[in-house]
J.: 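Dumping the structure here so I can ask a few things about it.
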Amino acid sequence: KSLPLFVRPGAVIPMGKGRETPDYDWCAELDLVLGDFSDPALAVRPVVKVIFDARGKERGTITVSHAAGTATVAVSGSLDARAVKLRSPV
């Protein structure tokens, strides 16, 4: 059972490892799904996501910058970001 994930260009979607229930530590083993960043208009400013844990405490930030066709991902705080997945345009 799965649901397709449609990612708009320039989007940054943090996804946790929990798949059984919605109340899990979504900051553990965090995967980042990035939309297509090939459009030069997306290079205007970085995309910043603040990540909170299940108790509402800020755990860190994810910053994605885009320049010359390359996306750069920076993770700060106590996040366990283990993978970055790129989604191509359809």
Side-chain angles (χ1 to χ4, degrees):
K1 297 177 183 178
S2 65
L3 182 65
L5 179 64
F6 296 99
V7 180
R8 73 174 169 76
V12 177
I13 302 174
M15 297 179 66
K17 68 176 181 170
R19 303 288 186 253
E20 301 300 318
T21 65
D23 57 342
Y24 62 90
D25 182 9
W26 53 82
C27 293
E29 297 182 25
L30 192 64
D31 289 342
L32 305 177
V33 179
L34 303 182
D36 179 36
F37 274 80
S38 63
D39 183 352
L42 298 172
V44 175
R45 63 177 183 264
V47 176
V48 179
K49 297 285 183 182
V50 178
I51 306 299
F52 298 90
D53 65 17
R55 294 190 171 100
K57 181 181 176 189
E58 185 176 322
R59 293 280 301 270
T61 59
I62 299 164
T63 304
V64 180
S65 302
H66 172 264
T70 302
T72 303
V73 179
V75 178
S76 65
S78 61
L79 295 175
D80 180 19
R82 63 187 179 119
V84 175
K85 299 177 182 179
L86 300 175
R87 297 290 172 124
S88 298
V90 177

J.: Taking only residues two or more places apart in sequence, or in another chain, which ones meet Ser76 in a side-chain hydrogen bond (donor to acceptor under 3.5 Å, both in side chains)?
T.: Thr61
J.: Tell me, with the steps shown, if Val64 and Leu32 meet side chain to side chain contact (heavy atoms under 4.5 Å, CB included).
T.: CA-CA 10 Å; Val64 180; Leu32 305 177; 5.9 Å; no
J.: Taking distance alone, no hydrogens or angles, what donor-acceptor pairs closer than 3.5 Å link side-chain atoms of residues 44-60 to residues at least two apart or in another chain?
T.:
| from | atom 1 | to | atom 2 | distance (Å) |
| --- | --- | --- | --- | --- |
| Asp53 | OD1 | Arg55 | N | 2.9 |
| Asp53 | OD1 | Gly56 | N | 3.1 |
| Asp53 | OD1 | Lys57 | N | 2.9 |
| Arg59 | NE | Ser78 | OG | 3.1 |
| Arg59 | NH2 | Ser78 | O | 3.2 |

